**Q** 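First the structure, which I've put down as structure tokens, then a few questions once you've had a look.
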Amino acid sequence: MRILRIAAAVEAVSLALLLLDLVTEHAEVVTSLGGPVHGTAYLTVILVVRLKPPASAGARWRALVPGVGGLLVLRRPSGGVVAGEG
């Protein structure tokens, strides 16, 4: 699923940037832009996994992990969501 791969990458990268900003300068513009981007990617991962018919309960629970949930779902294709589909 291409959308899941994109959303998972955006979720992980945006969280990394937000955390990096937090420990360095804490620029408000980064937080103002990065927060909604991360939140949208997080919700997208949850919805894509939830709406995908063969998604297992384990995949649904892994999708709820903030920051890396999408990557966890993609890492375990036997959990119901096939990473190679697209």
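Quick caveat: nothing in here was measured; it's all calculated off a predicted structure.
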**Q** From Leu72 CG over to Arg75 CZ, what is the distance, rounded to the nearest 0.5 angstrom?
**A**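 These two atoms lie 7.0 Å from each other.
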**Q** Nearest 0.5 Å please: distance from the NE2 atom of His38 over to the OG1 atom of Thr40.
**A**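 Reported value, rounded in 0.5 Å steps: 10.0 Å.
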**Q** Where do Val37 and Ser14 come nearest, in terms of heavy atoms and distance?
**A** CG1-CB, 4.3 Å
**Q** State, to 0.1 Å, how close Val49 and Ala59 come at their nearest heavy-atom pair, and which atoms those are.
**A** CG1-O, 3.6 Å
**Q** Determine, using the 4.5 Å side-chain heavy-atom cutoff (strictly less than), whether Trp61 and Tyr42 are members of one ILVMFWY cluster.
**A**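 Per the 4.5 Å side-chain linkage, Trp61 and Tyr42 are co-clustered.
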**Q** Working to the nearest 0.5 angstrom, can you tell me the gap between Leu51 CG and Ile46 CD1?
**A**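 Atom-to-atom, Leu51:CG and Ile46:CD1 are 11.5 Å apart.
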**Q** Please list all pairs passing the side-chain hydrogen bond (donor to acceptor under 3.5 Å, both in side chains) test where one or both residues lie in residues 22-36, with sequence neighbours left out.
**A** Asp21-Thr31
**Q** So, using side-chain hydrogen bond (donor to acceptor under 3.5 Å, both in side chains) as the criterion, who are the partners of Thr44 when residues are at least two apart?
**A**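 None.
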**Q** Is it true that Val30 and Leu33 fall in one hydrophobic cluster, defined by side-chain heavy atoms closer than 4.5 Å?
**A** yes
**Q** Near Ile3 CD1, under 6.0 Å, is it more than 12 heavy atoms from other residues, nucleotides or ligands?
**A** no
**Q** I'd like to know if Leu74 and Val45 are part of one continuous hydrophobic network [Ile/Leu/Val/Met/Phe/Trp/Tyr, side-chain heavy atoms within less than 4.5 Å].
**A** yes
**Q** Check Val73 against Ala63 and note the closest heavy-atom contact, atom names and distance.
**A** CG2-N, 3.7 Å
**Q** Mark yes or no for whether Glu11, through its side chain, and Gly67, through its backbone, hold a donor-acceptor pair below 3.5 Å.
**A**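 Checked: pair present.
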